[in-house]
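This report refers to the structure that appears directly beneath it.
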Amino acid sequence: MVEISTSILNVKKEDANKIIYGLEVAHTDYFHIDVMDGKFVPKDTSKLMNEYTNMVKQISNIPIDVHLMVKDVKKYVDEYLGFSPNIITFHYEAVKDKEEVRNIINYIKEAGVKVGLSVKPNTKIEEIYDFLPFIHMCLVMTVEPGLGGQKLIPETLEKVKTLKEYITKNDIDIDIEVDGGIKEENIELAKNAGANIFVVGTAIVESDNMENTIDNLKN
Ligand code: DX5
Ligand code: ZN
């Protein structure tokens with residue numbers, strides 16, 4: 001099944017209420033919240049994303065998909081657990097130490113929230129194989145994290161394919177999410193590679209008709 005997680009990273013403050021409500025009407029499957037700390041990536045969206053997540057909670061019951069692009073993972077996990085999200089995803093590269101990765105996975109799960117692990121374009125997918133049985137989702141970045149509106153890096157879809165083959169062969173039941181530069185013209189490629197959740201930002205929020213765009217992306 002194709003699910004769309006709409007990133008509201010590039011939404012302007014003055015449009016936020018309208019867009020968030022519009023996304024509910026347009027049946028996005030998730031709200032994707034891109035939390036950046038100015039350390040793991042240059043941009044700092046932490047204040048804005050906290051505000052936007054509050055708005056989402058006021059307006060909608062649609063599940064929240066948190067993508068932490070931060071160095072101090074625990075600090076932001078604690079902050080976002082307060083929103084009762086559906087899932088919190090953090091970056092493998094932000095932690096590196098395997099034991100700490102395992103600790104954070106357990107920490108989020110003990111709070112009753114699903115866990116995702118994300119890899120940047122230059123990280124080998126094999127590096128996170130050990131964690132797959134213990135997480136709910138693997139987020140394969142299809143652009144360098146940090147900015148909306150970039151172009152999908154085609155080689156990243158090879159990683160999605162490798163991952164999909166590996167989880168199928170080993171009977172591991174996890175979602176594969178792709179994030180960055182996904183639009184109507186390339187979603188089929190990402191789907192054929194094995195992804196089932198698609199983060200889409202600018203291609204939805206900057207379109208004239210968000211409902212049509214989401215429908216087209218799903219079909
Ligand atoms: C990039 C973020 C993405 C991104 C999605 O660091 O994780 O969620 O902004 O936006 P588009 O679809 O515009 O690439
Ligand atoms: Zn994201």
Side-chain angles (χ1 to χ4, degrees), residues 2-13 15-16 19-20 23 26 28-46 48-50 52-53 56 62-71 73 76-77 80 83 85-94 114-123 135-157 159-160 175-191 195-208 210 213-214 216-218:
V2 170
E3 289 190 306
I4 302 295
S5 186
T6 306
S7 164
I8 52 176
L9 175 67
N10 275 23
V11 173
K12 288 190 206 80
K13 242 188 179 170
D15 302 333
I19 299 256
I20 290 166
L23 286 169
T28 185
D29 295 295
Y30 304 89
F31 283 96
H32 183 85
I33 305 294
D34 285 306
V35 185
M36 305 180 190
D37 62 352
K39 291 177 189 150
F40 184 71
V41 292
K43 220 170 143 180
D44 184 347
T45 63
S46 54
L48 187 69
M49 289 303 124
N50 183 296
Y52 281 10
T53 309
V56 169
I62 289 175
I64 292 173
D65 166 28
V66 177
H67 178 194
L68 298 180
M69 285 162 274
V70 302
K71 265 222 150 91
V73 178
Y76 290 93
V77 166
Y80 279 86
F83 290 112
N86 182 263
I87 183 159
I88 297 180
T89 297
F90 65 98
H91 268 269
Y92 170 67
E93 300 85 0
K114 290 197 217 175
V115 186
L117 195 57
S118 182
V119 286
K120 299 207 283 185
N122 290 328
T123 303
I135 61 175
H136 299 85
M137 182 173 90
C138 179
L139 166 48
V140 178
M141 288 303 299
T142 42
V143 299
E144 275 306 325
L147 286 174
Q150 305 181 73
K151 262 212 168 102
L152 179 140
I153 303 167
E155 292 77 29
T156 57
L157 295 181
K159 269 161 59 172
V160 173
D175 290 313
I176 301 179
E177 183 173 66
V178 284
D179 183 4
I182 306 286
K183 47 180 120 191
E184 284 172 48
E185 298 90 273
N186 60 22
I187 191 166
E188 190 77 23
L189 282 174
K191 190 184 162 194
N196 66 303
I197 305 179
F198 304 84
V199 177
V200 185
T202 47
I204 293 175
V205 302
E206 290 176 8
S207 71
D208 297 331
M210 297 198 297
T213 306
I214 290 179
N216 293 340
L217 286 162
K218 284 196 184 188

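Just follow the structure's listing: the first ligand is 1, and inside any ligand the first atom is 1. Note that this is a predicted model, so its numbers are computed, not measured.
Ranking the protein heavy atoms by distance from atom 2 (C) of ligand 1 puts Asp34 OD1, 3.4 Å first. Remark: minimum distance from atom 1 (C) of ligand 1 to any protein heavy atom is reached at Leu147 O, 3.5 Å. Among all protein heavy atoms, the one lying closest to atom 3 (C) of ligand 1 is Asp179 OD1, 2.8 Å. Among all non-hydrogen protein atoms, the one lying nearest atom 6 (O) of ligand 1 is Gly146 N, 2.8 Å.
For ligand 1, the atoms closer than 4.0 angstrom to any heavy atom of Leu9 are 9 (O). Within ligand 1, counting atoms from 1 as listed, the ones closer than 4.0 Å to a heavy atom of Val200 are 12 (O). Listed by number with element, the atoms of ligand 1 under 4.0 Å from a non-hydrogen atom of His32 are 8 (O). The ligand atoms of ligand 1 that sit less than 4.0 angstrom from a heavy atom of Val199 are 8 (O). Taking a cut-off of under 4.0 Å to the non-hydrogen atoms of Gly180, the atoms of ligand 1 that pass are 14 (O). Atoms of ligand 1 lying under 4.0 Å from any heavy atom of Met69, numbered from 1 in the order shown and given with element: 6 (O), 7 (O). Counting atoms of ligand 1 from 1 in the listed order, those under 4.0 Å from a heavy atom of His67 are 7 (O).
The side-chain heavy atoms of Thr213 and Glu184, taken from C-beta on, include a pair separated by under 4.5 Å. Between Val2 and Leu217 the shortest side-chain heavy-atom distance does not fall below 4.5 Å. Inter-residue side-chain proximity for His67 and Met49 is flagged as unmet; no heavy-atom pair is nearer than 4.5 Å.
Neighbouring protein atoms of the Zn ion (ligand 2) (N, O or S, distance under 2.8 Å, waters ignored): His32 NE2, Asp34 OD1, His67 ND1, Asp179 OD2.
Distance CG/Leu23 to OG1/Thr28: 6.0 Å, rounded to 0.5 Å.
Using a 4.0 Å cut-off between heavy atoms, Asn10 makes no contact with ligand 1 at all.
Heavy-atom separations between Ala203 and ligand 1 are all 4.0 Å or longer. Between Lys183 and ligand 1 there is no heavy-atom distance shorter than 4.0 Å.
Side-chain polar atoms of Asp34 and His32 form a donor-acceptor pair below 3.5 angstrom.
Environment of NZ in Lys218: crowded, with over 12 heavy atoms of neighbouring residues, nucleotides or ligands closer than 6.0 Å. Atom NZ of Lys71 sits in a sparse spot, with 12 or fewer heavy atoms from other residues, nucleotides or ligands closer than 6.0 Å.
For ligand 1, the polar-atom distance check against Gly149 finds a nitrogen or oxygen pair separated by under 3.5 Å. On a distance-only criterion, Gly201 and ligand 1 share at least one N/O pair closer than 3.5 Å. Taking any N or O of Gly181, backbone or side chain, at least one lies under 3.5 Å from an N or O belonging to ligand 1. For a threshold of 3.5 Å applied to N or O pairs, the pair formed by Thr202 and ligand 1 contains at least one separation below that value.
Taking every heavy atom of both residues into account, Leu9 and Thr45 meet most closely at CD1-CG2, 3.7 Å.
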